[in-house]
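Here is the structure we will look at.
Since the model is a prediction, treat every value here as computed from it, not as a measurement.
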Number of protein chains: 2
Amino acid sequence: MLNFSTSEENYIKTIFHLQNGQNTVTTNALAEKLSTRPASVTDMMKKLKAKKLLHYQPYQGFRLSNEGKKVALDIIRRHRLWEYFLAEKLKFKWDEVHVVAEDQLIDKLDEYLGYPKSDPHGDPIPDSLGKMENSEQINLAELAVNKPAEVCRVVNQSDEMLELLQHKKITIGARVEIKRKFEFDHSIEIRLRQSKRNSSDQPSFSISEQLAKNIFVSL
Amino acid sequence: MLNFSTSEENYIKTIFHLQNGQNTVTTNALAEKLSTRPASVTDMMKKLKAKKLLHYQPYQGFRLSNEGKKVALDIIRRHRLWEYFLAEKLKFKWDEVHVVAEDQLIDKLDEYLGYPKSDPHGDPIPDSLGKMENSEQINLAELAVNKPAEVCRVVNQSDEMLELLQHKKITIGARVEIKRKFEFDHSIEIRLRQSKRNSSDQPSFSISEQLAKNIFVSL
DNA sequence: ATTAAAATTTAGACAAATCTAAAAAATACT
DNA sequence: AGTATTTTTTAGATTTGTCTAAATTTTAAT
């Protein structure tokens, strides 16, 4: 099934409710229900007709096609399950569930979840005042093998370091991971991970443990 | 705190992550991270600067203002709590939580909630195939006098209706009966019956036939 | 210190969703 | 039936977020 914008979904859902049975829905009725202008309704009707979600002849009103009804039911299902969740789990009053503001919702969700301090990836969750546990930064030499991390600080500004950073394109924010650690010469083999765009990994290269200790990463 | 579009939020969150510490973020870095074009980034930066969410001088990179950081933390909080919920309650794998599709989400939510058949207003919830129970319900205006029934659905969510429900404590599942119908002004006198147990009746009150038509009951 | 390359911004365009004002069609009213 | 009123549609504009291509600024390299 295709994808619809929030606006399209709103129109579809509202038409479904207005066209009890097989009645045809009028432009004005729909405009009023959606608090919009008749002209906007007409515009949208053309689009929904083009997507075969409804039957529509100019000046004749409209009704959902079978496809449109399917979409409507899917939308209604989502909205009602969501409202059930708000009332049943987050303890909103049953007549509040329509107009729950984002902030309220998040605070209740936080409460419901038991004020977790970090998300499934281990990233810290700020509290409602924006306070967040300092995500611990560790130096690159201490990073576990194969664990991607983000370069967040470089404390040594020696020529050697700057040379390395520039040459290997290690920048703040770059994602890196360690491929291997070599005990015998205290070097580590690392690799930059490009963003999704360019998903082909860069070649790996080695740097000394000494230098690595000056590069800080966060998970 | 003001309101931001999804797009703006994405930019703010991403800048926050890129500018670990007090570094300045570059146009290209941001464009790559967001899978968009540098020109689009510049456009958005102008907007965010106008909203005082970041410091920005052309060609000089940008960093979030204090206000911008506050907004970023709020966004991050929401996203991480949501991911925590997906993983902890809906049992998504920790590495799936980023890219959960709407359909999957709703099906898991349905499962988590125990496949409820109606929402907090008593409206039936379609199943994943779009099938919906239509239990025989009649509207309160059509209920016979002195015949107790159970409120199972309220279809009109106008302010007037919500006011009435709250004031008179009419809730889904409440037992009601009609004491009299007044033809002359199209009003009906109704009374809530407490549970069968406590049969001490509440005071009765009148509501318009018009409103009553929007309250559905089952016998 | 110029020049070449890379990064960034501007200019101009487009799609989505809305609006106002005006035109056209349908309906209601003598 | 013929006019007035209401409803609906069209035309043209606006806002948001994006894009491409060209211009500009910064940085790197000889």
Side-chain angles (χ1 to χ4, degrees), chain A residues 2-15 18-19 23-63 71 75 159 162-174 192 194-198 202, chain B residues 2-15 18-19 23-63 68 71 75:
Chain A
L2 288 165
N3 227 21
F4 304 102
S5 72
T6 313
S7 188
E8 287 171 323
E9 291 198 347
N10 252 319
Y11 275 92
I12 295 166
K13 184 184 70 168
T14 307
I15 294 170
L18 286 178
Q19 75 165 59
N23 305 307
T24 186
V25 177
T26 66
T27 304
N28 272 1
L30 192 47
E32 173 153 359
K33 206 78 170 182
L34 291 168
S35 298
T36 185
R37 298 301 179 159
S40 309
V41 170
T42 301
D43 290 344
M44 183 60 91
M45 292 309 99
K46 287 189 206 155
K47 208 169 9 147
L48 294 183
K49 180 186 174 148
K51 293 190 178 186
K52 298 194 188 302
L53 295 178
L54 46 78
H55 303 293
Y56 162 58
Q57 288 303 121
Y59 297 99
Q60 302 300 130
F62 22 78
R63 8 178 267 290
V71 173
I75 293 164
D159 286 353
L162 295 176
E163 168 74 9
L164 169 73
L165 297 178
Q166 194 157 6
H167 219 79
K168 299 302 188 184
K169 304 211 192 322
I170 300 173
T171 57
I172 300 295
L192 286 180
Q194 293 299 65
S195 62
K196 296 114 211 170
R197 259 276 165 115
N198 174 359
Q202 304 285 100
Chain B
L2 288 165
N3 227 22
F4 303 102
S5 72
T6 313
S7 188
E8 288 171 323
E9 291 198 346
N10 253 319
Y11 275 91
I12 295 166
K13 184 183 69 168
T14 306
I15 294 170
L18 286 178
Q19 75 164 58
N23 304 305
T24 185
V25 177
T26 66
T27 304
N28 273 1
L30 191 47
E32 172 154 0
K33 205 82 171 180
L34 291 169
S35 297
T36 185
R37 298 299 179 165
S40 309
V41 170
T42 301
D43 290 344
M44 184 59 92
M45 291 310 99
K46 287 188 206 155
K47 213 176 356 152
L48 295 183
K49 180 185 175 152
K51 293 189 179 186
K52 298 196 188 301
L53 295 178
L54 46 78
H55 303 294
Y56 163 57
Q57 289 302 123
Y59 298 99
Q60 301 301 129
F62 23 79
R63 6 178 269 291
V71 172
I75 294 165

### Query
So what does Thr27(A) touch, heavy atoms closer than 4.0 Å: a base, only the sugar-phosphate, or nothing?
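Sugar-phosphate contact only.
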Nearest whole Å is fine: how far is [N] [atom2] from [X] [atom1]?
X	N	atom1	atom2	value
Glu32(B)	dA6(C)	CD	P	15 Å
Leu48(A)	dT9(D)	CG	P	13 Å
Met45(B)	dT16(D)	CE	C1'	15 Å
Leu34(B)	dT8(C)	CG	P	14 Å
Lys46(A)	dA16(C)	NZ	P	14 Å

### Task
Check each residue of residues 49-62 of chain B for a non-hydrogen atom within less than 4.0 Å of any atom in DNA chain C, then write out the ones that pass by number, or none.
Tyr56(B), Pro58(B), Tyr59(B)
Just to verify, what does [X] make a side-chain hydrogen bond (donor to acceptor under 3.5 Å, both in side chains) with, not counting sequence neighbours?
X	value
Lys46(B)	none
Gln60(A)	none
Lys33(A)	none
Lys49(B)	Gln57(B)

#### Entry: Whether Thr24(B) side chain and Phe62(B) backbone form a donor-acceptor pair below 3.5 Å
yes
A side-chain contact here means heavy atoms from C-beta on lying under 4.5 Å apart; do [X] and [Y] qualify?
X	Y	result
Thr6(B)	Glu9(B)	no
Arg37(B)	Asp43(B)	no
Thr36(A)	Tyr11(A)	yes

Checking contacts here: which listed nucleotide ([options]) is nearest the side-chain heavy atoms of [X]?
X	options	result
Asp43(B)	dT9(D), dT18(D), dC19(C)	dT18(D)
Ser40(A)	dC19(C), dA21(D), dT8(C)	dC19(C)
Met44(A)	dA11(D), dT20(D), dT18(C)	dT18(C)

### Message
If you assign Thr36(A) and Asn28(B) each to the DNA chain C nucleotide with the nearest heavy atom, which residue ends up on the more 5' nucleotide?
### Response
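With Thr36(A) and Asn28(B) compared, the 5'-side residue is Asn28(B).
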### Message
If we check side-chain contact (heavy atoms from CB on, under 4.5 Å) with Leu30(A), which of these qualifies: Thr27(A), Leu34(A), Asn28(A)?
### Response
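Only one of Thr27(A), Leu34(A), Asn28(A) forms a side-chain contact (heavy atoms from CB on, under 4.5 Å) with Leu30(A), namely Leu34(A).
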### Task
Using a cut-off of strictly less than 4.0 Å between a heavy atom of the residue and any atom of DNA chain D, enumerate the qualifying residues of residues 6-15 of chain A by number.
none
### Message
Can you see if the side chain of Arg37(B) gets near the phosphate of dT20(D) - specifically, an N or O under 4.0 Å from OP1 or OP2?
### Response
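The answer is yes; a side-chain N or O of Arg37(B) sits under 4.0 Å from OP1 or OP2.
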